[in-house]
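A short write-up of the structure that comes next.
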Amino acid sequence: MSRKPIIAGNWKMYKLTRESLATVIALKPLVTNANHCEIVIAPPFTSIKSVADKLEGSNIQLAAQNISGELKQGAHTGEICGDMLYDVGCTHVIVGHSERRQYYGETDAQINRKIRAALQFKLKPIFCVGETLAERDEGRAEAVVSDQIDHGLAELTAESLLRIIVAYEPIWAIGTGRTATPETAQIMHAVIRQCLGRRFGAEASNTVRILYGGSVNPDNIAGLMHEADIDGALVGGASLEAASFARVVHYDR
Ligand code: PGA
């Protein structure tokens with residue numbers, strides 16, 4: 001089963017609009033001939049439209065970092081509806097990032113609603129899961145991640161799974177410089193795929209792309225991509241600079 005890899009950059013709460021534009025202007029020529037993978041970047045909301053205009057016709061796709069769980073526009077101060085994201089050029093949206101779970105109290109049920117909202121508005125959710133260090137040390141990592149998968153994808157069909165991208169991001173590896181080894185990541189990716197297989201069948205679970213995230217950089221990406229069930233990366237820190245992100249994109253060189 002060949003799955004086209006995805007390299008996605010998560011800019012988090014960084015970059016003013018002019019900085020976002022400078023980054024994509026530098027990035028575009030560095031990745032124009034990267035046909036081996038899909039490239040996605042997730043700027044902050046305030047930069048999305050300007051970046052989208054700059055990226056028209058390029059091979060770089062755009063993600064938002066969050067979405068409202070509401071299925072239509074309405075009186076929800078501070079929320080952003082999926083149709084608004086689609087309108088400004090997003091094709092993807094990150095859902096359930098551990099920073100949103102940890103600092104903003106997002107629950108599995110809210111994440112499930114956001115995934116449904118994304119699908120309704122033709123956006124591909126990049127659905128994040130991952131355990132804390134304590135959970136790993138207690139031997140509960142696989143149970144925690146399987147649970148996040150089960151609840152986050154509750155009542156979805158195999159057909160909708162085909163439009164979802166999963167990102168395994170162990171919390172202890174995010175922004176810490178402490179990447180999971182390729183072997184450790186592969187074990188969890190295989191667990192996630194099995195979990196998806198039980199719920200949605202072999203065809204869907206063999207098609208869905210599972211990205212790894214957590215201190216991915218130009219030096220460790222190739223080793224990770226070598227593993228059978230790792231289909232790409234969700235990159236934070238190393239995506240902020242065009243040159244380092246381009247090196248991650250070109251992991252095959
Ligand atoms: P990092 O972030 O690459 O800086 O560890 C990854 C993420 O949070 O998506």
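Only a predicted model underlies this, so the values are computations on that prediction, with no experimental measurement involved. Counting convention: from 1, in listed order, for ligands and their atoms alike. Below, all heavy atoms of this structure are taken into account, side chains as well, without hydrogens, waters or symmetry copies.
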Given Gly175, Gly9, Cys128, Ala42, which has its nearest heavy atom closest to atom 5 (O) of ligand 1? Gly175
Is the closest side-chain donor-acceptor distance between [X] and [Y] under 3.5 Å?
{"X": "Lys114", "Y": "Asn66", "answer": "yes"}
{"X": "Ser160", "Y": "Thr157", "answer": "yes"}
{"X": "Gln186", "Y": "His226", "answer": "no"}

Take atom CD in Glu183; do more than 12 heavy atoms of anything else shown fall under 6.0 Å from it? yes
How far is atom 3 (O) of ligand 1 from its nearest protein heavy atom, and which residue and atom name does that atom have? Gly236 N, 2.8 Å
Please list the nearest protein heavy atom to atom 7 (C) of ligand 1 with its residue and the distance rounded to 0.1 Å. Glu169 OE2, 3.1 Å
Ring-plane angle category for Tyr212 and His189, please: parallel below 30°, perpendicular beyond 60°, tilted otherwise.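 Ring orientation, 0 to 90° scale: tilted.
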Ala238 N/O under 3.5 Å from ligand 1 N/O: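 No; the residue has no nitrogen or oxygen that sits under 3.5 Å from a nitrogen or oxygen of the ligand.
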Purely on distance, is any nitrogen or oxygen of His97 under 3.5 Å from one on ligand 1? yes
Gly237: numbered ligand 1 atoms lying under 4.0 Å from its heavy atoms: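 Every atom of ligand 1 under 4.0 Å from some heavy atom of Gly237: 1 (P), 3 (O), 4 (O).
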Looking at Gly214, which atoms of ligand 1 are within less than 4.0 Å of one of its heavy atoms?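 Selected atoms, number and element: 5 (O).
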Can you tell me which portion of Asn10 lies within the under-4.0 Å heavy-atom range of ligand 1? Options are side chain, backbone, both, or neither. side chain
Taking non-hydrogen atoms only, is Ala173 closer than 4.0 angstrom to ligand 1 via side chain, backbone, both or neither?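 The answer is the backbone of Ala173.
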Is Lys4 paired with Glu38 through a side-chain N to carboxylate O contact shorter than 4.0 Å?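 Not counted as a salt bridge, because no side-chain N and carboxylate O are separated by less than 4.0 Å.
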Quick test of your reading of the model: are Asp219 and Arg247 salt-bridged, counting only N-O distances below 4.0 Å?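 Salt bridge flag = yes for Arg247 with Asp219.
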Looking at ligand 1, would Ser215 count as a contact under a 4.0 Å heavy-atom criterion? yes
